[in-house]
Amino acid sequence: MRIARHMGDLAEVKSLAVSESAQGKGSGMQLVQACLDEARALGVPKSLRRSPTCPILSERAGFHRVDKGTLPHKIWSECINCPKFPDCGEEAVEIQL
Ligand SMILES: CC(C)(COP(=O)(O)OP(=O)(O)OC[C@H]1O[C@@H](n2cnc3c(N)ncnc32)[C@H](O)[C@@H]1OP(=O)(O)O)[C@@H](O)C(=O)NCCC(=O)NCCS
């Protein structure tokens with residue numbers, strides 16, 4: 001898991017994963033909060049998660065769903081080589097820090 005800074009005002013929580021044997025004990029939420037703390041420390045005003053498979057976790061952390069069309073095109077540059085692009089059904093959630 002890491003926080004990736006895309007541009008001046010936006011960072012992304014990426015590659016969130018907890019080993020199977022440790023899941024369900026609050027580690028996922030702690031990792032998300034650690035990323036948000038890091039983004040705040042960097043002075044980034046907004047943080048994003050894409051394709052959240054765990055909506056409860058995102059919702060509890062304070063993220064809300066956003067229209068993908070409002071996100072900068074640069075965010076999607078890594079998707080261009082994906083066989084599912086552009087209709088992968090991916091969703092995006094955002095939080096104001
Ligand atoms: C998603 C993941 C990171 C969650 O980690 P975790 O340590 O189990 O999460 P937490 O224990 O902090 O759970 C926080 C809440 O989210 C819920 N939740 C966690 N994973 C969920 C899932 N896959 N679907 C729905 N809800 C989920 C938990 O039930 C918990 O709610 P509760 O307190 O009411 O039980 C972990 O399941 C994982 O690594 N999954 C495989 C990789 C993956 O899907 N990554 C996410 C990409 S968006």
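In each ligand, atom 1 is the first atom listed, and ligand 1 is the first ligand listed. The structure displayed is predicted, hence computed values, not measured ones. Heads up: numbering here begins at 1 and tracks the sequence.
- Which parts of ligand 1 touch Ser27 is read off a 4.0 Å heavy-atom cut-off, strictly below it: atoms 7 (O), 12 (O).
- Counting heavy atoms from C-beta outward, Arg50 and Cys79 have side chains that approach closer than 4.5 Å.
- Of the N or O atoms in Arg50, none lie within a sub-3.5 Å distance of an N or O in ligand 1.
- Side-chain atoms of His64 never come within 3.5 Å of backbone atoms of Ile95 as a donor-acceptor pair (strictly under, hydrogens ignored).
- Between Val13 and Phe63, the closest heavy-atom pair is CG2-CZ, 4.4 Å.
- Under a 4.0 Å criterion applied to the non-hydrogen atoms of Arg49, ligand 1 contributes the atoms 48 (S).
- Between Ala17 and ligand 1, a contact under 3.5 Å exists for no N or O pair.
- In terms of polar-atom proximity, Met29 is counted as a contact of ligand 1, with an N or O under 3.5 Å from an N or O of the ligand.
- The closest approach between any non-hydrogen atom of Gln30 and ligand 1 is not below 4.0 Å.
- Here the side chains of Val66 and Val93 are not in contact, with every heavy-atom distance at 4.5 Å or above.
- Annotation for ligand 1: atoms under 4.0 Å from non-hydrogen atoms of Lys25 are 11 (O).
- Residue contacts with ligand 1 for Arg60 involve side-chain atoms from C-beta outward but no N, CA, C or O (heavy atoms, distance under 4.0 Å).
- Each salt bridge (Lys or Arg N to Asp or Glu O under 4.0 Å) pair with one or both residues in residues 16-38, not counting sequence neighbours, appears once here: Asp37-Arg40.
- Between Gln33 atom CD and Arg60 atom CZ the span is 12.0 Å, to the nearest 0.5 Å.
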- [ ] Please report the C-alpha distance between Lys68 and Glu90 in whole Å, then the side-chain angles of each, then the deciding distance to 0.1 Å, and finally whether the salt bridge (charged side-chain N to carboxylate O under 4.0 Å, His left out) criterion is met.
- [x] CA-CA 9 Å; Lys68 289 195 297 180; Glu90 189 169 65; 5.6 Å; no
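- At least one donor-acceptor pair closer than 3.5 Å links the side chain of Gln23 to the backbone N or O of Val18.
- Atoms of ligand 1 found under 4.0 Å from any heavy atom of Gln23 (numbered from 1 in listed order, with element): 8 (O), 36 (C), 37 (O), 38 (C), 39 (O), 40 (N).
- Looking at Val93, Leu31, Leu16, Val32 and measuring to atom 3 (C) of ligand 1, the nearest heavy atom belongs to Leu16.
- Nearest to atom 8 (O) of ligand 1 by heavy-atom distance, out of Ala22, Gly26, Gly28, Gly24, is Gly24.
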